K.L.:
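Dropping the structure in here first, questions after.
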Number of protein chains: 4
Amino acid sequence: MMAPSDSGPGRRRNEHSHRAILGAAITLVADRGFENVTVESIASHAGVGKQTIYRWWRSKGEVVLEAINDGFADVAAFPNTGDIIADLRTQMENVTVKLATSDFGSAYRGLIAAAQSDPELARKHIEQIIEPASVACRKRLIQARDMGQIRSDADVQSIIDLLYGAIYYRLLLSTRPLATEQVAQAIDLVFDGIRGTG
Amino acid sequence: MMAPSDSGPGRRRNEHSHRAILGAAITLVADRGFENVTVESIASHAGVGKQTIYRWWRSKGEVVLEAINDGFADVAAFPNTGDIIADLRTQMENVTVKLATSDFGSAYRGLIAAAQSDPELARKHIEQIIEPASVACRKRLIQARDMGQIRSDADVQSIIDLLYGAIYYRLLLSTRPLATEQVAQAIDLVFDGIRGTG
Amino acid sequence: MMAPSDSGPGRRRNEHSHRAILGAAITLVADRGFENVTVESIASHAGVGKQTIYRWWRSKGEVVLEAINDGFADVAAFPNTGDIIADLRTQMENVTVKLATSDFGSAYRGLIAAAQSDPELARKHIEQIIEPASVACRKRLIQARDMGQIRSDADVQSIIDLLYGAIYYRLLLSTRPLATEQVAQAIDLVFDGIRGTG
Amino acid sequence: MMAPSDSGPGRRRNEHSHRAILGAAITLVADRGFENVTVESIASHAGVGKQTIYRWWRSKGEVVLEAINDGFADVAAFPNTGDIIADLRTQMENVTVKLATSDFGSAYRGLIAAAQSDPELARKHIEQIIEPASVACRKRLIQARDMGQIRSDADVQSIIDLLYGAIYYRLLLSTRPLATEQVAQAIDLVFDGIRGTG
DNA sequence: TACTAAACGAGACGGTACGTCTTGTCTTAAA
DNA sequence: TTTAAGACAAGACGTACCGTCTCGTTTAGTA
């Protein structure tokens, strides 16, 4: 999403159309799957001209990225109860539940697929979704490490890759449904490897 | 790829065309990226009619799947030196190196992306690539567990998901290049969690 | 249709297939219209390989030409009662009735259409259908002229073109159905112009 | 050709492309023959997308119909000198000369052939070309009949069918070239049959 | 009784065009 | 000046047939 012109002459961006586009995108992607949604179908569903979409987004993928990013709002805050193991478990479960929601998960899979051949979209995906989650997780892990809750020699980024890797692997590469219990087992194994003496 | 008719009347499948198609697919995907390759371009590069592709494969994705599967041949055999930690490290490193090969890795990313919106292709990907690797890994882990090299209460499938998850996460969701050292760090963490008393 | 090899070793032409092909051609053309019939559909309907059709005919048009030529057999003989006016009227009515038969007429229209862009087919059509009819008509007209039944200065070929022209014009270029009464009116006008003093 | 939207929003039809398409159609049909021209070749010759052709015409045949109709403009007006015989002779000669022009005649033969298997195209051909010519001829004949120049009991439609039939018969079903002298002979015969006492 | 040769049903092959779809851009009239 | 509508050039889609080319089998004559 581009920044709206903050001032100057000319008609301002129509917020109603903006929301209608994001809404149509999410609805259509849920209905037909990411690949079967076209910019034209989003435009006609939103009662908007195609040009209005191309004016503010580079592609269908970026529309969906913005819509999905909104949807991740409720798992943005990393819990901090003082118990790192419990907090990681909570957060990973929240993320898993979110992704296991079939409409949302399927839209997100479509977005990730689109990003494989669109480096700019990939960059924005990392920047807006992956990195923030990673940073929050890293911050919490470092705090825990400082408190001795996890081993001081464990590489923080590797822990993050293991935790999220287990979830995304099941999201993208498994015929089995993504379930919290399964993910929990993998997480527990990581806990066993990283537990500190504190 | 369909099974060739074993007998009966009619002209036989042209193996030269078969190989030319797989070759053209790999070359083109490496050159232009999966999304920018069309069935038409594969056909014309292979000196073949489009129908000959559609006769034997359902889509571009399935052609690339067959070509990629051939390419995985040299990491199919799971090492077995008796030392599970060393064997896992070797295998994961081999897989990582394979996927880090930019042409191959990029083709494979395209295939995985295509499979997100084509359940039949996803099924074949799992069946022909993911499952065999998973089965080989499981077999080796169970043997190691029986020998006491890894904890008897560790869930084998979870271990597999963690190991492969860490690799695929970096392949699909990272701007950083996929490197063996990085993957190795994650693997070591898993080892710490699963090491047995043997 | 090509001539069969007159001697030598080798399997002889299969007359059953020959008839099955002509039959399938007529049936299919009647069912779907000339343009919607393919060599493949004739072959599969006749239970015959495509090559067997291409071995004996140059194209779909030539298969249909042979089938149609068979169908014209019953209007081949020109009546000769001594009264040229009555004979012409009889013959033109027979031809009209034949062409007004919807299956036959529609197949024949398809053949004429195909001949517009296939000079070889056009040549064979003229040679096998148009010319024989023309020759028979010419012979009868000349005999009548010699008997003084038609004007001696009337150009015979022009009479033929007028008579057949009126029929074919209605067959090929009219939305109105081809009917004997209508054709008869035109013929009568020609009679008025050519009547002799005998 | 469809009627343009009379108003409302949206880009207007591009008249330059419209003319380029008709021009390319005529040129190509003259060059290669109707059957060897494809919608794709018209599009690429006209520097136009295929969709722009399919947006305004149902088929190649309808493009050519429009182009041919333009070409008939100079024989649209039926002469009226007061002498019906002379006028008919003039008009029939003009039409013959037009159709004998090899490019134009060959394009028109292709159109008539296409119309044999496309009832909608046939309807438009009749409506836009055959009927107007027929109506003009009928009007002139009725005026002549009223003036006693032709027999009052002659069926006007039959006269028209004879005159045009003789021309089209030679256009579509003869190996001999279409020539005015030949057509003239047939017309004279009709004149002999219809001449009135005026 | 073999051998040779042609025709057969089946069906894969390299091509070409089809008519449809979607892309991202451009043009218009209304608000 | 932005909007919705919608035409535009481009080009890939997957399908249908084309006419040719194997296949392995069947049928007739030589030999």
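A quick note: this is a predicted structure, and the numbers were derived from the prediction, not measured.
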K.L.:
For the pair made of CD in Glu15(C) and C1' in dT26(F), what is the distance, rounded to whole Å?
P.N.:
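So the two atoms are 17 Å apart, to the nearest Å.
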K.L.:
How do Lys60(C) and Ala46(A) order along DNA chain F: which one's closest nucleotide is nearer the 5' end?
P.N.:
Ala46(A)
K.L.:
Would one find a side-chain N or O of Ser41(D) under 4.0 angstrom from OP1 or OP2 of dA17(E)?
P.N.:
no
K.L.:
In whole angstrom, what separates Glu62(C)'s CD from dG19(F)'s P?
P.N.:
11 Å
K.L.:
Considering only dC18(F), dA17(E), dC13(E), which nucleotide approaches the side chain of Lys50(B) most closely?
P.N.:
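Nearest listed nucleotide: dA17(E).
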K.L.:
Does Glu120(A) pair with Arg58(A) as a salt bridge, N-O distance under 4.0 Å?
P.N.:
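Answer for the salt bridge query: no.
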K.L.:
Donor-acceptor pair, Thr27(D) side chain versus Gly23(D) backbone, under 3.5 Å?
P.N.:
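Such a contact is found between Thr27(D) side chain and Gly23(D) backbone.
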K.L.:
If you check the Tyr54(B) side chain, which of dC8(E), dT15(F), dT25(E) turns out closest?
P.N.:
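So the side chain of Tyr54(B) is nearest to dT15(F).
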K.L.:
Nearest-nucleotide wise, let me know which of Glu40(C) and Val37(D) is further upstream toward the 5' end of DNA chain E.
P.N.:
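That would be Glu40(C).
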K.L.:
Is the phosphate of dG9(E), meaning OP1 or OP2, less than 4.0 Å from a side-chain N or O of Ser17(C)?
P.N.:
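Result: yes.
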K.L.:
Using atom CD1 of Ile53(D) as one end and atom P of dG11(F) as the other, report the distance to the nearest whole Å.
P.N.:
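In whole Å, dG11(F) P lies 15 Å from Ile53(D) CD1.
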K.L.:
Starting at atom CD1 of Ile42(A), determine the distance to atom C1' of dA4(F), rounded to an integer number of angstrom.
P.N.:
16 Å
K.L.:
Whole angstroms only, please: what is the CD-P distance between Gln51(C) and dA10(E)?
P.N.:
14 Å
K.L.:
What is the separation between atom CZ on Arg12(D) and atom P on dG6(F), rounded to the nearest whole Å?
P.N.:
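For the pair Arg12(D) CZ and dG6(F) P, the rounded distance is 10 Å.
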K.L.:
Hey, does the side chain of Thr52(B) come within less than 4.0 Å of dA12(E)'s phosphate (OP1/OP2), counting only N and O?
P.N.:
no
K.L.:
By nearest nucleotide on DNA chain F, pick out whichever of Val39(C) and Asn14(D) is the more 5' one.
P.N.:
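Its nearest nucleotide being more 5', the pick is Asn14(D).
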K.L.:
Asn36(A) side chain to Arg32(A) main-chain N or O, any donor-acceptor pair under 3.5 Å?
P.N.:
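Yes, Asn36(A) side chain to Arg32(A) backbone: donor-acceptor pair under 3.5 Å.
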K.L.:
Is Trp56(D) close enough to dC8(F) that one of its side-chain N or O atoms is under 4.0 Å from OP1 or OP2 there?
P.N.:
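Answer is yes, contact under 4.0 Å.
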K.L.:
If we ignore angles and hydrogens, is there a donor and acceptor under 3.5 Å between the side chains of Thr38(C) and Ser41(C)?
P.N.:
yes
K.L.:
Just compare dA12(E), dA7(F), dC8(E) and give me whichever is closest to any side-chain atom of Arg11(C).
P.N.:
dC8(E)
K.L.:
What integer distance in Å separates Arg58(A):CZ from dG24(E):P?
P.N.:
9 Å
K.L.:
Please state how far atom NE2 in His16(B) lies from atom P in dC21(F), giving the value in whole angstrom units.
P.N.:
18 Å
K.L.:
Only one of Val29(A), Ile112(A), Leu111(A) passes side-chain contact (heavy atoms from CB on, under 4.5 Å) with Ile68(A); say which it is.
P.N.:
Leu111(A)
K.L.:
Both Gly49(C) and Gly10(C) contact DNA chain E. Taking the nearest nucleotide for each, which residue is further toward the 5' end?
P.N.:
Gly10(C)
K.L.:
Of the nucleotides dG15(E), dC13(F), dT4(E), which has the atom closest to the Pro9(C) side chain?
P.N.:
dT4(E)
K.L.:
Using the side-chain heavy atoms of Arg55(C), tell me which of these nucleotides is nearest: dC13(F), dC8(E), dC18(F).
P.N.:
dC8(E)
K.L.:
Check for me whether Arg12(D) meets the cation-pi criterion with Trp56(D), that is, NZ or CZ under 6.0 Å from the six-membered ring centre and within 45 degrees of the ring axis.
P.N.:
no
